[in-house]
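Worksheet: the structure to be examined is printed underneath.
Whatever order the structure lists them in is the order used to number ligands and atoms, beginning at 1. Reckoned from all heavy atoms, side chains included, excluding hydrogens, waters and symmetry mates.
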Amino acid sequence: MSLELQKVLLVLSIAHSALVRAALECRLESLSKIDGDNETLFEFNFQVVGRERLLNGTINLHVDLDNNYEISTDVSTLLNGEWESSNIRAQYKTCMYLSIIYDNYFAVSFKDTNIPSRTCPIKKGEYYARNVELIADNWAQYAKLGLVRASIIFRKGNVVYGGLDVVLLLRQKIM
Ligand SMILES: *[C@@H]1O[C@H](CO)[C@@H](O)[C@H](O)[C@H]1NC(C)=O
Ligand SMILES: *[C@@H]1O[C@H](CO)[C@@H](O)[C@H](O)[C@H]1NC(C)=O
């Protein structure tokens, strides 16, 4: 079995086990952009806006986002005041990441946006996302409740070209 297929099966089995758990409610605590080691080719200019704490802003891709790059997400949780890495981690080449992670877990939240979904590569340019309320209903595999930090990092080789740190408060939804 190829490694890619194994990863896909792993994600599917995780997603399946999530179905039997309760949906999650998500509050956006903070957003901060991660600069590249030398240059920031993928620039996230997002802010938390309004009382509803929505994600709002733009992504500036200074080059085409294609399979020359890898995207990873690492989830950390707050333990005794320190961020500790959890075992939740996904790292794929761009197109695989977009189809497995973005299209499945994030695209549903991005309603007022021109960020393409189900598309790869994504052409260089500036894309907006307005008033995004993160819908965490199918995120139960990230079911570390409480304060959770997701670090989304764009790399080529071991060099970082940009990213985003997102801090969320995840709670079980009261049904
Ligand atoms: C960063 O930039 C310097 C100077 O342009 C260059 O010598 C170096 O190789 C670059 N490092 C990386 C990791 O791209
Ligand atoms: C939200 O983002 C849009 C698009 O980038 C921008 O035009 C607007 O001013 C932003 N709204 C707030 C409240 O920052």
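Annotation for Glu133: atom CD does not count as buried by contact number, only 12 or fewer foreign heavy atoms lying within 6.0 Å.
In this structure, atom 9 (O) of ligand 2 is not in close contact with the protein, since no protein heavy atom lies within 4.0 Å of it.
For the pair Glu29 and Arg27, the salt-bridge criterion is met [side-chain N within less than 4.0 Å of a carboxylate O]. Using a cut-off of 4.0 Å between Lys/Arg side-chain N and Asp/Glu carboxylate O, Lys33 and Glu43 are scored as salt-bridged.
In this structure, the ring of Tyr161 has its center no less than 6.0 angstrom from the ring center of Phe42.
Separating the CG atom in Asn56 from the CG atom in Asn131 is a distance of 5.0 Å, to the nearest 0.5 Å.
Considering only non-hydrogen protein atoms, atom 4 (C) of ligand 2 sits nearest to Arg130 NE, 3.9 Å. For atom 11 (N) of ligand 2, the nearest protein heavy atom (residue, atom name, distance) is Asn56 ND2, 2.9 Å. Here the heavy atom of the protein found nearest to atom 13 (C) of ligand 2 is Val49 CG1, 3.9 Å.
The distance criterion of under 3.5 Å between nitrogen or oxygen atoms is not met by Thr58 with respect to ligand 2.
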